[in-house]
Amino acid sequence: MNALFEMWQTMPLAFVVSAGLLGLVVGSFLNVLIYRLPIMMAREWQQQCAEINQQVLPVQAPFNLFVPRSACPHCQRPITALENIPLLSYLFLRGKCAGCGGRISLRYPLVELLSAVLTAAAAGYFGFGITALVAMIFIWLMITLTFIDFDTQLLPDSLTLSLLWLGLLLNINSLFTPLVDAVLGAMFGYVLLWSVYWAFKLTTGKEGMGYGDFKLLAALGAWFGWQLLPLIIMLSSVVGAVVGIVLIVAFKQGRNTPIPFGPYLACGGLIALFWGQALTQQYLQFWLV
């Protein structure tokens, strides 16, 4: 193991390639998490409602991140180990189930590829060390939250709050920002979107976003400090506006069609991870000159 660490330290390209391969494997697991976590949450909510109403739910088969085995959504044929190799299996099977020939969603290889590319980018940008490792964890959580929010318009507390506490823990030693700035970032991040939510609701009578968005921005503030919150919000708003216009124009979606904001916050967070400090300094220099 020490020899491997030494190789990664002395050969940056080897570390980047290894990180990319790790990202592929983790991306395969992220697909499972993206699909199964909302179902697990729904089951938990049903159980809680049944307990409150003193009802007994029918016995259900176990369902978690590991049970049952992954299967084709069309024919329910279990997926073999050879058919579950990240990215390669999809290419070999030509995007079709080996059993029924049903189309496999392009989402699966895209998530794996996105995870691999961003994980390798973190390795190349930060170099071998603890910062690269925690940056990878941050990237994996951003990918998971993005696709869950796209699918369900939910940002699970189990992920957003874990992200928040992890950010505060890492910044005890000022890994990304001083701890005081991290605490203030978490506070301001939550309060800022909470204020926007209530201002919009009192003005229009509608809910413009969910509480998960507050928690996600609080988590980003805990990671990068309060100073980067304006940049993250600006980037998120710009990306969200562009995507919203494209959806309205290209896909004929109405203006009242709900669009999750979490993915755009995640996008802003990823940009902040790599270039947040540089962009903020350039912005300040531009206005101070």
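All values derive from a computational prediction rather than experimental measurement. Both backbone and side-chain heavy atoms feed into the values below; hydrogens, waters and symmetry mates do not.
Evaluation of the ring pair (Phe, Tyr, Trp, His ring centres under 6.0 Å) test over residues 26-65, restricted to residues two or more places apart or in two chains, returns none. Residue pairs meeting the ring pair (Phe, Tyr, Trp, His ring centres under 6.0 Å) criterion with at least one member in residues 152-192, sequence neighbours excluded, are Phe176-Trp223, Phe176-Phe224, Tyr190-Phe214. Contacts classified as side-chain hydrogen bond (donor to acceptor under 3.5 Å, both in side chains) and involving residues 179-188 (residues at least two apart or in different chains) are given here: Asp181-Trp226, Asp181-Gln227.
Closest approach of Leu93 to Ile104, counting heavy atoms only: CD1-CD1, 4.4 Å. Nearest heavy-atom pair across Asn171 and Ala182 is ND2-CB, 3.7 Å. Across all their heavy atoms, Leu145 and Pro156 have their closest contact at CD2-CD, 4.0 Å. Nearest heavy-atom pair, Leu175 versus Leu170, reported as atom, atom and distance to 0.1 Å: CB-O, 3.5 Å. Shown here for Gly221 and Leu229, the closest heavy-atom pair between the two residues is CA-CD2, 3.8 Å. Across every non-hydrogen atom of Cys100 and His74, the tightest pair is SG-CB, 3.8 Å.
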Sequence neighbours left out, cut at 3.5 Å: what donor-acceptor pairs do the side chains of residues 111-131 make with other protein atoms?
| unit_1 | atom_1 | unit_2 | atom_2 | d |
| --- | --- | --- | --- | --- |
| Glu112 | OE1 | Leu87 | N | 2.7 |
| Ser115 | OG | Gly23 | O | 2.7 |
| Thr119 | OG1 | Ser115 | O | 2.6 |
| Thr119 | OG1 | Trp140 | NE1 | 2.9 |
| Tyr125 | OH | Phe274 | O | 2.5 |

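Rounding to the nearest 0.5 Å gives a distance of 12.0 Å between CG of Leu192 and CG of Asp213. Residue Leu33 holds its CG atom at 11.5 Å from OG of Ser28, rounded to the nearest 0.5 Å. A distance of 10.5 Å separates CZ of Arg43 from CZ of Arg36, quoted to the nearest 0.5 Å. Taken to the nearest 0.5 Å, the CG atom of Asn31 stands 8.0 Å off from the CZ atom of Arg107. The line from CG of Leu37 to CG of Leu65 is 7.0 Å long, rounded to the nearest 0.5 Å. Atom CG in Asp157 sits 11.5 Å away from atom CG in Leu216 (nearest 0.5 Å).
When atom types are taken as modelled, the side chain of Ser236 and the backbone of Tyr264 share a donor-acceptor pair closer than 3.5 angstrom. A side-chain donor-acceptor contact under 3.5 Å links Asp149 to the backbone of Gly262. A donor-acceptor pair under 3.5 Å links the side-chain atoms of Asn64 to the main chain of Phe66, judged by distance alone.
By the 4.5 Å heavy-atom criterion applied to side chains, Tyr211 and Leu155 are not counted as neighbours. Side-chain contact check for Met142 versus Leu273: every heavy-atom pair is 4.5 Å or farther apart.
Around the CG atom of Asn173, the shell of radius 6.0 Å holds no more than 12 heavy atoms that belong to other residues, nucleotides or ligands.
With sequence neighbours excluded, the residues forming a side-chain contact (heavy atoms from CB on, under 4.5 Å) with Lys201 are Tyr197, Trp198, Glu207, listed by chain and number. Residues forming a side-chain hydrogen bond (donor to acceptor under 3.5 Å, both in side chains) with Asn84 (at least two apart in sequence, or on another chain): none.
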Side chain to side chain contact (heavy atoms under 4.5 Å, CB included) assessment of Phe150 paired with Thr146: CA-CA 6 Å; Phe150 268 135; Thr146 291; 3.7 Å; yes
Steps toward side chain to side chain contact (heavy atoms under 4.5 Å, CB included) verdict (Leu57, Gln46): CA-CA 8 Å; Leu57 293 176; Gln46 290 174 353; 4.1 Å; yes
Leu228/Thr177 under side chain to side chain contact (heavy atoms under 4.5 Å, CB included): CA gap, chis, key distance, verdict: CA-CA 10 Å; Leu228 289 190; Thr177 190; over 6 Å; no
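By the criterion of side-chain heavy atoms lying less than 4.5 angstrom apart, applied directly or through intervening Ile, Leu, Val, Met, Phe, Trp or Tyr residues, Trp275 is grouped together with Leu270 in one hydrophobic cluster. Note: the hydrophobic cluster containing Tyr108 does not contain Ile143 (ILVMFWY, side chain heavy atoms under 4.5 Å, direct or indirect links).
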